[in-house]
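Contents: one structure, followed by commentary.
Residue numbers begin at 1 in each chain, while the letters A, B, ... track the order of the sequences.
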Number of protein chains: 2
Amino acid sequence: MIVPYIAVMIKMVTAGSHAAPVRGRPREFDMEEALDGAIRVFRERGYHASSIGDLTDAMGLASGSIYKAFKDKRDIFLAAFDRYTLLRTAQMQQVAGAAKSARERLRDLFAFYLESSRGVEGRRGCLVVGSAVELAIFDREVAARVGASLANNEALLAGLVREGHLDSSVPRGVDPEETARVMVYLTQGMRVVGKAGRAPPDPSITIEIAMKLLT
Amino acid sequence: MIVPYIAVMIKMVTAGSHAAPVRGRPREFDMEEALDGAIRVFRERGYHASSIGDLTDAMGLASGSIYKAFKDKRDIFLAAFDRYTLLRTAQMQQVAGAAKSARERLRDLFAFYLESSRGVEGRRGCLVVGSAVELAIFDREVAARVGASLANNEALLAGLVREGHLDSSVPRGVDPEETARVMVYLTQGMRVVGKAGRAPPDPSITIEIAMKLLT
DNA sequence: CGATATAGGGAACGATCATTTCCTATTCAA
DNA sequence: TTGAATAGGAAATGATCGTTCCCTATATCG
């Protein structure tokens, strides 16, 4: 009797308290698919320009159903933000774990960010950047999540610089934390410029210039 | 008879067709002060979260008066954007013209951007970044202005790199255009992170790391 | 099987927003 | 000095938006 209760609690925690309860009619829609639709809308239009109508279309739900699963529009946004950062962190860690040397892994991350900032994906934009620009100043909770996401990226990059010290692919003189901070500026700036649709003709040149930070 | 007409036309062009006409009751408010108020509102809240009520407060005008001077909310925004980029470009050119060597002028520009991304000013944000993120994808005219502003900054930075070749403060191997592109990423990223309220404890270290791009 | 609990969905509601209207005030032209 | 033109400002308007309500459907518990 207590085991399923614990399982439910764990699922509720991982799903951010948006998991379906045990009693009553079960949820018919897929929460992850619905949130993917919400992510698409919020990335393209931002928070304020996304209407509930936009969200019902993209999530495949009626407004009544949305308000059964979420407290309000902001609650949808926070759930979408959390899923976005979850997926993005997974992608980054995958990219950052492929190559042999730490230097090459950092190069792969730059390429990944540059690719994310190109074409349709670039125009769609980054939800973290969008939240920072549109919401962080007046919403403490959003600001905290944006800060945590940036700190997370910074830590990942700093860790790679430190690994580079160990495998001798990055000179000891390169400060991990300070360099990672500048690299975060660089990557977030790529997303901004990508939103404006200005992509570099030859990304490989851009990457090599960015790699000078590891000198 | 024709001379004042020409003068009026020139003023209308420079003021973006928002100048007061010759006939009728003259405008009582100062257009530049009003636009400064609009700039403050749009920088803090973005476009969609800024209500006409916010703008009447910040511009010191009633809604009826605002609609006498501007076609609609978007027209106010475009005028504010143009004034913002005008002022910002002037500031940048002033900063970029002080030091002796081109390398030092580039360093001053990094410091200027980092300072603009700190504290209250940083939280207030950059109107170009905000426009790129919130509006560029669905508003061609805004996208064009954002693109022009980024291209302008890029050209300014590239020009300094080229000057650095001439005064030998920047190695010849540093490509002006490609390096300027990366520097734009860097500076726009600073504004994003500044919006989130995360400023570097010691800006001078950050600046020196950024200067590695000129290696 | 009946009671309870929750989901799905669409219509209704209340608030807010951008914009217009209308009236007064102030200028220039004739 | 009168008329045309425009500014200032407050109230009215119409549309849109987020949210709630209500009804039906489907599950579990006793």
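- Within the structure, every side-chain polar atom (N or O) of B:Ser65 is placed at least 4.0 Å from both OP1 and OP2 of D:dA7.
- The backbone N or O of B:Arg145 sits nowhere less than 3.5 Å from a side-chain atom of B:Ser149 that would complete a donor-acceptor pair.
- For C:dA7, its base sits under 3.5 Å from the side chain of A:Arg25 at one donor and acceptor pair at least.
- Put simply, CD1 on A:Ile76 is 9 Å from P on D:dG18, counting in whole angstrom units.
- Ring geometry for B:Phe77 against B:Tyr47 counts as perpendicular: the plane angle is over 60°, on a 0 to 90° scale with 30° as the lower cut.
- Rounded to whole Å, the distance from CZ on A:Phe42 to C1' on D:dG18 is 12 Å.
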Interface polar pairs with nucleotides 15-21 of chain C, N/O, under 3.5 angstrom:
from	atom 1	to	atom 2	distance (Å)
C:dA18	OP1	B:Ser50	O	3.2
C:dA18	OP1	B:Lys73	NZ	2.8
C:dA18	OP2	B:Ile52	N	2.6
C:dT19	OP2	B:Tyr67	OH	2.5
C:dT19	OP2	B:Lys73	N	2.9
C:dT19	O5'	B:Tyr67	OH	3.3

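- For A:Lys195 (side chain) and A:Gly130 (main-chain N/O), no donor-acceptor pair under 3.5 Å exists by modelled atom type.
- Annotation: side chain of A:Glu44 is not in contact with side chain of A:Arg123 (no heavy-atom distance under 4.5 Å).
- Within the cation-pi definition used here (under 6.0 Å to the ring centroid, within 45° of the axis), B:Arg88 qualifies as a partner of B:Tyr113.
- Taking 3.5 Å as the limit, the base of D:dA7 and the side chain of B:Arg27 contain no donor-acceptor pair of atoms between them.
- Ranking D:dA27, D:dG8, C:dA5 by closeness to the A:Pro26 side chain, first place goes to D:dA27.
- Look at CG on B:Asp57: it is 13 Å from P on D:dG9, rounded to the nearest Å.
- Pairing each heavy atom of B:Ile207 with each of B:Phe110, the nearest pair is CG2-CB, 4.3 Å.
- Here the C1' atom of nucleotide D:dG18 and the CG atom of A:Asp75 are 14 Å apart, to the nearest Å.
- What separates CD of B:Glu28 from P of C:dT27 is a distance of 8 Å, to the nearest Å.
- The CE-P distance, from A:Met59 to C:dG9, rounds to 12 Å in whole Å.
- Here the shortest heavy-atom pairing between B:Ala180 and B:Leu157 reads CB-CB, 3.9 Å.
- For B:Leu61, taking side-chain heavy atoms from C-beta onward, the closest of the listed nucleotides C:dA29, D:dG9, C:dG10 is D:dG9.
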